[in-house]
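The structure under discussion appears below in the form of structure tokens.
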Amino acid sequence: MNKKYSLLILLALLLPLGLQAQKSPQDMDRFLDDLLKRMTLEEKIGQLNLPVTGEITTGQAKSSDIATKIKRGEVGGLFNLKGVDKIRDVQRLAVENSRLGIPLLFGMDVIHGYETIFPIPLGLSCTWDIPAIEESARIAAIEASADGISWTFSPMVDISRDPRWGRVSEGSGEDPFLGAQIAQAMVRGYQGKDMRRNDEIMACIKHFALYGAAEAGRDYNTVDMSRQRMFNDYMLPYQAGVEAGAGSVMASFNEVEGVPATANRWLMTDVLRGAWGFNGFVVTDFTGISEMIEHGIGDLQTVSARAINAGVDMDMVSEGFAGTLKKSIEEGKVSVETVNTACRRILEAKYKLGLFDNPYKYCDLKRPARDIFTKEHRAVARRIAGESFVLLKNGQLSPGSSPLLPLSPTGTIAVIGPLANTRSNMPGTWSVAAVLDKSPSLVEGLTEWVGNQAKILYAKGSNLISDAAYEERATLFGRSLNRDNRTDKQLLDEALKIASQSDVIIAALGESSEMSGESSSRTNLDLPDVQHTLLEALLKTGKPVVLVLFTGRPLVLNWEQENVPAILNVWFGGSEAGLAIGDVLFGAVNPSGKLTMTFPKNVGQIPLYYAHKNTGRPLKEGKWFEKFRSNYLDVDNDALYPFGYGLSYTTFRFSDVTLSQPSIGMDNQLVASVTVTNTGDRAGSEVVQLYIRDLVGSVTRPVKELKGFEKIYLQPNESRTVRFTIAPEMLKFYNADLQFVAEPGDFDVMIGPDSQNVKTARFTLR
Ligand code: NOJ
């Protein structure tokens, strides 16, 4: 084939993907040098300004007069505007009506899917299925980009050990190792190889840093911790996201070592850029700049100057940069070079996204119909939702009988509870682009699932919470549960009547979707009052009851564990959750989700996490109280459900752990193996988890830390040997001088199906 002809074919193949010609870093530098030379100071400051459109509510503010500002070159991007036609029109204002025609970035909180919604991130993390998580981000990018979005404020990678904090629903739980793998998978899913295609978008690692460690689990509260804890327990997922090439990072609201993250130069420059080599741009979180006035570190001009001098490049909503930077430059408080640097970073992002080549790259009006909420995407969402559910309990109704789940899709099934028939609550918190009416409720999903094999009956049974004002606070943003004005007794009587006609009861209880997420902290993590009463009454009927638990965080479930025969935790499973719950309840899918956050026995135990330190007075094995030991008078130290825990419809046997050698030097590695056998009568997946304990260190080390995992699928009677390579690199930690070192000594290798139920072997690092 002649060369010219094959080039043409290549071009024809690439064009539909929106691919642009490859450019070198030198091309970019030349282009940006030239552009920056032509920009006025006002235009440069304009690039640092990110107003909100006010179309989708994710905070308190709205920007006025945006069109005028865009035409004057005073805006670098917009966020939370939905609809490709609207975005195209606004882009046109920037490109065709501003002096230099610099295209805008269009950001949005695309957190766990765009219109096809995947499980909330905490649920997604419970799949421990890294390719599936990447695929969810990939689909989110395809859909968001089809609707004009070039930038997502995701992944949220904040480690948290406090289920009172509502935002645990948006993250991957308590473990930095797992969190880091997920952070990277999501960045890969969003950005693809290099963001050159028109269905790849820029990711944003947030919230940098330590936002998940807010005191008392109260959102936006103070954070304070040692650097050793920061680097050993909290920083890894941010760093991993940066190493995966995330184009942007969002500053967190909280302070770090007494300085708000948004003004913290050590964080934004020394660590992020200096130590980790980040070369994208940093955006504030919403009014992060103006909030520093309330933090008490100065007026708007002062805090804006502090932010940009710290290394923050883009101001979301506050308009502190837009309003004060010029003055600060005139007064010598900020240098022109600092503004140039920030501006260049934002222009670089636009360049890397290909927006200078084609500002309408994401504005193909034909794409939404073709790419958004497609049958294929929804099928993936259903599959992944089924993987995210965690089977917490599956008891027998009588000794010797088989476990209650899976159910047979026959007879009469009563679905009862305030979460049973609500479409708007299925997607879960932070699903701002979702069309709420499009997700079948649990009742609708199960009805479709069983077809005419079984009869599904429904009753609400109770409101969400007895306190109407609390219910209102917990059902904002169109996610109302349509509070029922009947009395509690009337609701209960109706439920009991429906229950009496059924063979089995599915109790759909828990939190509403907005009981977790931003500004949704709670101090009581029990099932809400009226729901508890309902559950008790349903159990008293003597019918088999399955608790299908909707929640965005670990709840306190002691009573439920003791009294309810089967508990399936479904988090908020997204657009297809109604059907996916059917898949698991009726056994088409064998549950395999494993918790990524510890479920405590009561709120007083919080923070409770598996990777704790031993203390000088640990409780002895098998005891739950001993005077002068580290424990409580009124509850033991254990979790109700530990990190890594989750049941299956089959059972797995783990062999002892074997090590390829008893010791290694700093240059070698060993292999730890375990053979896992499916001892039940169904095929199923197991997450084989590797934990390591450093027995003696120059500083104290956790009792165990996750260092590897593999999800395997086994047929009945099938065995597989899982091998983990252990290298000194995996044994490193930050010591008292914050050096990242592996120290010689003994290590325990623990492998098992969760963080507590492990088999152990020991080796020495020489
Ligand atoms: C505030 C939230 O903290 C952040 O996660 C989100 O991306 C922004 N608002 C924008 O909506």
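Throughout, numbering of the chain's residues begins at 1 and tracks the sequence. Whatever order the structure lists them in is the order used to number ligands and atoms, beginning at 1. Predicted model only: the values in this text are computed from it and were never measured.
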Hey, are Glu348 and Arg345 close enough for a salt bridge, meaning a charged N less than 4.0 Å from a carboxylate O? no

List ligand 1 atoms under 4.0 Å from Asp285, heavy atoms only on the residue side. 1 (C), 2 (C), 3 (O), 4 (C), 6 (C), 8 (C), 9 (N)

For the residue pair Asp219 and Tyr211, confirm or rule out a side-chain donor-acceptor distance under 3.5 Å. yes

Quick one: do Arg164 and Glu215 make a salt bridge, cutoff under 4.0 Å? no

For Glu170 and ligand 1, does the shortest N/O to N/O distance drop below 3.5 Å? no

As an exercise, identify every atom of ligand 1 less than 4.0 angstrom from a heavy atom of Phe79. 10 (C), 11 (O)

Taking side-chain hydrogen bond (donor to acceptor under 3.5 Å, both in side chains) as the definition, give me every residue that meets it alongside Asn569, ordered by chain and number, with sequence neighbours left out. none

Give the contacting part of Arg167 toward ligand 1: side chain, backbone, both or neither, where contact means a heavy-atom distance below 4.0 Å. side chain

Which donor-acceptor pairs under 3.5 Å do side chains of residues 179-189 form with protein atoms, sequence neighbours excluded?
{"residue": "Gln184", "atom": "NE2", "partner": "Ala240", "partner atom": "O", "Å": "2.9"}
{"residue": "Arg188", "atom": "NE", "partner": "Glu134", "partner atom": "OE1", "Å": "2.9"}
{"residue": "Arg188", "atom": "NH2", "partner": "Glu134", "partner atom": "OE1", "Å": "3.1"}

So if I count the atoms of ligand 1 from 1 in the order they appear, which ones are less than 4.0 Å from some heavy atom of Phe253? 3 (O)

Any N/O of Trp430 closer than 3.5 Å to an N/O of ligand 1? no

Is it the case that ligand 1 has an N or O less than 3.5 angstrom from some N or O of His207? yes

